[in-house]
> 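Okay, here's the structure, questions in a sec.
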Amino acid sequence: MRFTTGAMRLEPDRRHLTVPVIGKLRSKENTRRLERLVVNGRARILSMTLSQRGGRLVVAVQAIVAQQPRHPAEPEGRRGVDLGVGPRVGDHRPP
């Protein structure tokens, strides 16, 4: 079943997820990276999908993450434009 609204969150202890209707579930995986992004406002949880595999509950978290703009290593470095390969001087092109 998929939840798109309600109390979907990663707990600060980085080992628990809160799923609507079901409540708090312990995670086998560390959710530190995603939890940090959510706390810093760089990610938002879109949905949680709950399924059962091998007698265990599995939760898949779908999130949207805002990418940081990249800055060039040398902002004042040289830049160029590749114009491609053109005909050599003296080459004849048929009309």
Side-chain angles (χ1 to χ4, degrees):
M1 81 181 49
R2 178 180 225 165
F3 299 99
T4 57
T5 60
M8 299 179 295
R9 66 178 172 267
L10 304 171
E11 298 298 332
D13 66 359
R14 300 181 179 149
R15 285 290 182 188
H16 289 87
L17 307 162
T18 299
V19 181
V21 179
I22 306 297
K24 192 182 281 190
L25 298 173
R26 187 179 193 293
S27 172
K28 288 288 189 181
E29 296 181 28
N30 194 334
T31 60
R32 178 184 68 156
R33 184 174 178 210
L34 183 56
E35 194 264 338
R36 274 188 186 168
L37 291 171
V38 170
V39 168
N40 292 334
R42 291 190 47 217
R44 184 169 51 105
I45 296 174
L46 299 176
S47 66
M48 289 187 174
T49 304
L50 183 67
S51 59
Q52 186 176 1
R53 293 187 194 152
R56 293 182 181 259
L57 293 176
V58 178
V59 178
V61 179
Q62 288 83 30
I64 186 166
V65 179
Q67 297 293 321
Q68 290 286 354
R70 290 186 161 186
H71 300 289
E74 296 180 31
E76 300 301 320
R78 293 183 180 205
R79 293 170 192 83
V81 177
D82 183 6
L83 298 176
V85 178
R88 292 184 300 193
V89 177
D91 282 352
H92 177 65
R93 235 189 239 171

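Just so we're clear, the structure is a prediction, and the values are computed from it rather than from any experiment. By convention here, the first residue in the shown sequence is residue 1.
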> Can you see which heavy atom on H16 is nearest to which on D13, and at what distance?
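Where H16 meets D13 most closely, the heavy atoms are ND1-OD2, 2.6 Å.
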> Check whether M1 and M8 end up in the same hydrophobic cluster, where Ile, Leu, Val, Met, Phe, Trp and Tyr are linked by side-chain heavy atoms less than 4.5 Å apart.
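Linked, M1 and M8 end up in one cluster.
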> Give, for atom CZ of R15 and atom CG of L25, the distance between the pair rounded to the nearest 0.5 Å.
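One finds 14.5 Å between CZ of R15 and CG of L25.
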> Holding to side chain to side chain donor-acceptor pair (under 3.5 Å), I want the full list of residues that pass it with N30, two or more places apart in sequence or in another chain.
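Partners of N30 by the side chain to side chain donor-acceptor pair (under 3.5 Å) criterion come out as none, since no residue qualifies.
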> So, do L57 and V19 sit near enough that their side-chain heavy atoms are less than 4.5 Å apart?
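No, side chains not in contact.
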> If you round to the nearest 0.5 Å, how far is CD1 of I64 from CD1 of I45?
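If I round to the nearest 0.5 Å, the distance is 12.5 Å.
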> Given the rule in the side-chain contact (heavy atoms from CB on, under 4.5 Å) test, do R14 and R36 qualify, once you have shown the distances and angles that lead to the verdict?
CA-CA 9 Å; R14 300 181 179 149; R36 274 188 186 168; 3.8 Å; yes
> Flag yes if L46 and I22 sit in one hydrophobic cluster, no otherwise; membership is Ile, Leu, Val, Met, Phe, Trp, Tyr, and two members link when side-chain heavy atoms are under 4.5 Å apart.
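Different clusters: L46 never reaches I22 through Ile, Leu, Val, Met, Phe, Trp or Tyr contacts under 4.5 Å.
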> Going by side chain to side chain donor-acceptor pair (under 3.5 Å), name the residues that satisfy it together with R9, two or more places apart in sequence or in a different chain.
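With sequence neighbours excluded, R9 shows a side chain to side chain donor-acceptor pair (under 3.5 Å) to E11, given in chain and number order.
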> Identify, with sequence neighbours excluded, every residue that meets side chain to side chain donor-acceptor pair (under 3.5 Å) alongside R26.
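Here no residue qualifies.
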> Is R42 atom CZ crowded by more than 12 heavy atoms from other residues, nucleotides or ligands, each under 6.0 Å away?
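Yes, CZ of R42 has more than 12 neighbouring heavy atoms, counting only those of other groups under 6.0 Å.
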> Hey, quick one: are V61 and V21 part of the same hydrophobic cluster, counting side-chain heavy atoms closer than 4.5 Å, chains of contacts allowed?
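Linked within one cluster.
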> So if you build clusters from Ile, Leu, Val, Met, Phe, Trp, Tyr with side-chain heavy-atom gaps below 4.5 Å, do L34 and F3 land together?
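Yes, because L34 and F3 connect within a single hydrophobic cluster, where side-chain heavy atoms sit under 4.5 Å apart.
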> Once you round to the nearest 0.5 Å, how far does CD of Q62 lie from CZ of R2?
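Interatomic distance, Q62 CD to R2 CZ, rounded to 0.5 Å: 4.5 Å.
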> Tell me whether V38 shares a hydrophobic cluster with L17, the cluster being built from Ile, Leu, Val, Met, Phe, Trp, Tyr side chains joined at under 4.5 Å.
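V38 clusters together with L17.
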> To check you understand the geometry: which heavy-atom pair defines the closest contact between P20 and T5, and what is its length?
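It is CG-O, 3.4 Å.
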> Could you report the tightest heavy-atom contact between S47 and T4, atom names first, then the distance?
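What the structure gives for the nearest pair is CB-CG2, 3.9 Å.
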> Which atoms form the tightest heavy-atom contact between P12 and E35, and what is the distance?
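Minimum heavy-atom contact is CA-OE2, 3.8 Å.
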